2 protein chains.
Amino acid sequence: MRIGELSRRTGVSERALRYYEEQGLLRPERRPSGYRVYRDVDVAAVRRIRVLLTAGLSTAQIVEVLPCMVDDDDLLAPICPELVDELVKQRDRIGAAIDELAATRANLDTIIANERRAS
Amino acid sequence: MRIGELSRRTGVSERALRYYEEQGLLRPERRPSGYRVYRDVDVAAVRRIRVLLTAGLSTAQIVEVLPCMVDDDDLLAPICPELVDELVKQRDRIGAAIDELAATRANLDTIIANERRAS
DNA sequence: CTAAACCTTCACGTTAATGTCAGAGTCAAC
DNA sequence: GTTGACTCTGACATTAACGTGAAGGTTTAG
């Protein structure tokens, strides 16, 4: 498929897809005309890229993670623990924020409950 | 305290503190000279802001949830009954933020598990 | 009283991940 | 063999969350 169809199937803009290629996240074939040609697996790849980006990872980090993600047929690159560390740190940062917000919500619940009882 | 001390006590740059004020996250008093004057509770507020920012929330999102983040030692202040609806809405916004973060953390957990399995 | 340290408001610079637009080539259909 | 949809490569614009001075007031220690 060409870039327009991949864009429609993923909801990601053509500009973003070209940017992902520029960053080494995608490596589409080229027709003699220069047109990019993507494979079906690229649809899943783009979705994974989106998940990681919205999780707060940079394209540079994703470029290291992607080869480690298991559905690339047979290619499994060696893992650097340093990278796993980064992922764990990111997860923990998110966890801390969740805890903060949860505590706040609990306090808010108490206030709401007290207010209802008082009135 | 003035901006320099708050910066030292939080590890956040003065520029960032002024930016937070610009975004409505902090509202320090002003001396006649124009100098900003912060209270002790602002130290905790800045730490919360940092936690939420590094978790991927925007200043616009934080400005919505921050006013509801009451301090633990700070017992229930008297609240107008007419504001309960607003409090419930705020609590729901916090809940939505928690859900978003939980989803991205779950994605990260999956990726981390896959990487461990690959190695 | 004066120097050092601190603070103020502009205002332009930076990085990441795009948006947008221009000018030009390509492909499928009629 | 021309129309119209699609794609190409630049290249400048944008947003967020700051960094980095410039030029100039303020506060405090001696």
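Note on naming: letters A, B, ... go to the chains in the order of the sequence lines (proteins, then strands), and numbering restarts at 1 for each one. Everything numeric here is computed off the predicted structure, so don't read it as measured data.
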**Q** Considering just the side-chain nitrogens and oxygens of B/Tyr20, establish if one lies under 4.0 Å of OP1 or OP2 belonging to D/dC18.
**A**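 For D/dC18, OP1/OP2 do have a side-chain N/O of B/Tyr20 under 4.0 Å.
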
**Q** One thing to verify: whether B/Glu22 and B/Arg18 come together as a salt bridge, which I'm taking to mean a side-chain N less than 4.0 angstrom from a carboxylate O.
**A**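 Between B/Glu22 and B/Arg18 there is no salt bridge, as every charged N stays at least 4.0 Å from the carboxylate O atoms.
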
**Q** Any donor-acceptor pair, under 3.5 Å, between the side chain of B/Tyr35 and the base of D/dG25, if you only look at N and O atoms?
**A**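 Per atom types, the contact qualifies.
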
**Q** Mapping A/Leu57 and B/Gly4 to their closest nucleotides on DNA chain C, which lands nearer the 5' end?
**A**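 Its nearest nucleotide being more 5', the pick is B/Gly4.
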
**Q** Does OP1 or OP2 of C/dC27 have a side-chain N or O of A/Ser33 closer than 4.0 Å?
**A**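 Checking A/Ser33 against C/dC27: at least one side-chain N or O falls below 4.0 Å of OP1 or OP2.
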
**Q** What's the CZ-P distance between A/Arg30 and D/dC8, to the nearest Å?
**A**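 These atoms are roughly 6 Å apart.
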
**Q** Picking from D/dC18, C/dC6, C/dC27, which would you name as closest to the side chain of A/Arg2?
**A**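 Nearest to the side-chain atoms of A/Arg2, counting from C-beta on, is C/dC27.
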
**Q** Between atom CD1 in B/Ile3 and atom P in C/dC6, what is the gap in whole Å?
**A**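 In whole Å, C/dC6 P lies 13 Å from B/Ile3 CD1.
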
**Q** Round to a whole Å and report the spacing from CD1 of B/Ile62 to C1' of D/dA16.
**A**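 Going from B/Ile62 (CD1) to D/dA16 (C1'), I get 12 Å.
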
**Q** Should A/Arg50 be listed as having a side-chain N or O under 4.0 Å from OP1 or OP2 of C/dA17?
**A**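 No, because none of the side-chain N or O atoms of A/Arg50 sits under 4.0 Å from OP1 or OP2 of C/dA17.
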
**Q** Distance check needed: C/dC6 P versus B/Arg31 CZ, whole Å only.
**A**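 Interatomic distance, CZ of B/Arg31 to P of C/dC6: 14 Å.
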
**Q** When B/Tyr20 is tested against each of B/Ile49, B/Val63, B/Ile62 for side-chain contact (heavy atoms from CB on, under 4.5 Å), which residue passes?
**A**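 Only match with B/Tyr20 under side-chain contact (heavy atoms from CB on, under 4.5 Å): B/Ile49.
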
**Q** Atom CE of B/Met1 and atom P of C/dC6: how far apart are they, to the nearest Å?
**A**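 After rounding, the reported distance stands at 16 Å.
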
**Q** Just compare C/dA16, D/dA16, C/dC7 and give me whichever is closest to any side-chain atom of A/Tyr19.
**A**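 Nucleotide nearest to A/Tyr19's side chain: C/dA16.
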
**Q** What integer distance in Å separates B/Arg18:CZ from C/dC6:C1'?
**A**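 Atom-to-atom, B/Arg18 to C/dC6, this comes out as 10 Å.
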
**Q** Do any side-chain nitrogens or oxygens of B/Arg36 fall under 4.0 Å of OP1 or OP2 in C/dT9?
**A**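 For B/Arg36, the contact criterion (side-chain N or O under 4.0 Å from OP1 or OP2 of C/dT9) is met.
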
**Q** Using a cut-off of strictly less than 4.0 Å, decide whether A/Thr59 has a side-chain nitrogen or oxygen near OP1 or OP2 of C/dA17.
**A**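 Yes.
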
**Q** Is there a donor on the side chain of B/Arg15 or the base of D/dT20 sitting less than 3.5 Å from an acceptor on the other?
**A**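 It does, because a donor-acceptor pair links the side chain of B/Arg15 to the base of D/dT20 below 3.5 Å.
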
**Q** Quick check for you: among D/dC18, C/dC6, C/dT18, whose closest atom lies nearest to any side-chain atom of B/Ser13?
**A**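 Looking only at side-chain atoms, B/Ser13 lies closest to D/dC18.
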
**Q** With distance as the sole test, does A/Arg31 use its side chain to make a donor-acceptor pair with the main-chain N or O of A/Tyr35 at under 3.5 Å?
**A**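 Here the side-chain-to-backbone pair does not exist.
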
**Q** Under 4.0 Å between any heavy atoms, over every strand shown, what does B/Glu14 touch: base, sugar-phosphate, or nothing? Just pick one.
**A**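 The answer is sugar-phosphate, as B/Glu14 gets under 4.0 Å only of primed atoms, P, OP1 or OP2.
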
**Q** Thinking salt bridges, do A/Glu21 and A/Arg30 make one under a 4.0 Å N-O criterion?
**A**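 Salt bridge flag = yes for A/Arg30 with A/Glu21.
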
**Q** Could you tell me whether B/Asp42 and B/Arg39 have a side-chain N and a carboxylate O separated by less than 4.0 Å?
**A**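 Yes, this pair counts.
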
**Q** Would you kindly give the CD-to-P distance between B/Glu21 and D/dA17, to the nearest whole Å?
**A**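 The distance from CD of B/Glu21 to P of D/dA17 comes to 16 Å, rounded to the nearest Å.
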
**Q** Expressed in angstrom and rounded to an integer, what is the separation of A/Glu22 atom CD from D/dG10 atom P?
**A**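 Interatomic distance, CD of A/Glu22 to P of D/dG10: 10 Å.
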
